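What you see is a predicted model; the values in this text were computed from it and never measured. Just so it is clear: chains get the letters A, B, ... in the order the sequence lines come, proteins before strands, and each one is counted from 1.
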2 protein chains.
Amino acid sequence: MEYYRAVFNEFLRARKLKCTGQRDSILDVFLKTERHLTADEIYGLAKKRNPKIGYATVYRTLNLLYEVGLAREVNWGDGKIRYEHKYRHRHHDHLICTKCGKSIEVFDKQLEKIQAKLSREKEFIPTHHQLNIYGVCDKCRKR
Amino acid sequence: MEYYRAVFNEFLRARKLKCTGQRDSILDVFLKTERHLTADEIYGLAKKRNPKIGYATVYRTLNLLYEVGLAREVNWGDGKIRYEHKYRHRHHDHLICTKCGKSIEVFDKQLEKIQAKLSREKEFIPTHHQLNIYGVCDKCRKR
DNA sequence: TCCATTTTGATAATGATTATCATTATCATT
DNA sequence: AATGATAATGATAATCATTATCAAAATGGA
Ligand SMILES: [Mn+2]
Ligand SMILES: [Mn+2]
Ligand SMILES: [Zn+2]
Ligand SMILES: [Zn+2]
């Protein structure tokens, strides 16, 4: 975790941005949680350790984490962006339960290959993608 | 196109809803366009043939078209829902150019199979999915 | 035609995110 | 440690797509 903080600080220095307590708090909260957090959730958690932190700073810092490549933005179509760890985490897709909201992470090499093939066929240069599979999870089905 | 209108009217009757000129106009506009339209675009087109139509009615009618299965909602992560034909149209995914906004429709049977496999492995019952591949289209790359 | 029910459109409300801007904090340089 | 140029912050207003409200109008079966 020290390492990630170093990555962030290096990024700030390179961009002539400043190290601040708020940025530290937000990065900490983000790194300490493995869940997919919304800006609002991160705001709530960061506020605990730094009560006078503002919404705008949370949004601004999350964008920095995105830009430096520490965070990935996830869009599940419910109107809010979620953030998950990206640095040294392999890309994956999500199964999303429409009953309980839980998500399951999945990865398939073949699936990624087919996407590359489809792009190639259309002379399209892919930069990133997002696959959401919506449905009902095991627990919710049995309930 | 008469057929689709019949499907819609049958749905309205079954739900004890009423046939109205506004609903006709909006369905017409939707059926006549093969593009992926936002509510706002449909509002603009419908207003041409029925100038006193309101925004709310457009949103309400699009939800009906979704419920009856004539329309599919598409979310490209830019904050607005788009609508495309669903009835008698095969499911497909999209390559989305981040330069010009154009989309290319693609389909791969193997890709769908792998998704089913991934769901099965997690004991997850999938209902629908959405795959967006973002990147740069042929034209934009050459420009 | 009558009338219960549904629909409509203008507009207010909502909710997530972004913009604004005066005040405060950071940090390289004295 | 003090300075000062620059960046950061937070309260709050603005934005933008979508939804809710509600009085007035339209629909359709009897
Ligand atoms: Mn994830
Ligand atoms: Mn399409
Ligand atoms: Zn569930
Ligand atoms: Zn393009």
> Pick the nucleotide of DNA chain D nearest each of B:Q22 and B:K80; which residue has the one closer to the 5' end?
Replying inline: B:K80
> If each of A:R23 and B:A56 is mapped to the nucleotide of DNA chain D with the nearest heavy atom, which maps nearer the 5' terminus, i.e. the 5' end?
Replying inline: A:R23
Just the rounded figure in Å: distance from [atom2] of [N] to [atom1] of [X].
X: B:L37; N: D:dA17; atom1: CG; atom2: P; result: 15 Å
X: B:R82; N: D:dA17; atom1: CZ; atom2: P; result: 10 Å
X: B:D78; N: C:dT18; atom1: CG; atom2: C1'; result: 16 Å
X: A:E73; N: C:dA16; atom1: CD; atom2: P; result: 16 Å
X: B:L17; N: D:dA26; atom1: CG; atom2: C1'; result: 14 Å
X: A:K18; N: C:dT24; atom1: NZ; atom2: P; result: 16 Å
X: B:E41; N: D:dA17; atom1: CD; atom2: P; result: 11 Å
X: B:N9; N: C:dT7; atom1: CG; atom2: C1'; result: 15 Å

> Is the backbone of B:T38 close enough, under 3.5 Å, to the side chain of B:E41 for a donor and an acceptor to pair up by distance?
Replying inline: yes
> In terms of side-chain heavy atoms of B:C19, which of D:dG28, D:dT18, C:dG9 is nearest?
Replying inline: D:dG28
> What nucleotide, of D:dT9, D:dA26, C:dA25, holds the atom closest to the side chain of A:R60?
Replying inline: D:dT9
> Do you know the tightest heavy-atom contact between A:T33 and A:H85?
Replying inline: O-NE2, 3.0 Å
>> Can you tell me the base-pairing partner of C:dA28? Count Watson-Crick or G-U wobble geometry only, both distances below 3.5 Å, and say none if there is no partner.
In response: D:dT3
> Does D:dT21 have a Watson-Crick or wobble mate here (both distances under 3.5 Å), and if so which one?
Replying inline: C:dA10
>> How about OH on A:Y66, more than 12 heavy atoms from neighbouring residues, nucleotides or ligands closer than 6.0 Å, or not?
In response: no
>> Run B:R13 and B:E10 through salt bridge (charged side-chain N to carboxylate O under 4.0 Å, His left out) and show every step you take.
In response: CA-CA 5 Å; B:R13 185 164 32 250; B:E10 176 49 39; 3.0 Å; yes
> Phosphate oxygens OP1/OP2 of C:dT7: is one of them under 4.0 Å from a side-chain N or O of B:T20?
Replying inline: no
> Any side-chain N or O of B:Y59 under 4.0 Å from OP1/OP2 of D:dT18?
Replying inline: yes
>> On DNA chain C, does the nearest nucleotide to B:Y43 precede the nearest nucleotide to B:L12 from the 5' side, or the other way round? Give the residue.
In response: B:L12
> Does the gap between the ring centers of B:H128 and B:H91 come in under 6.0 Å?
Replying inline: no
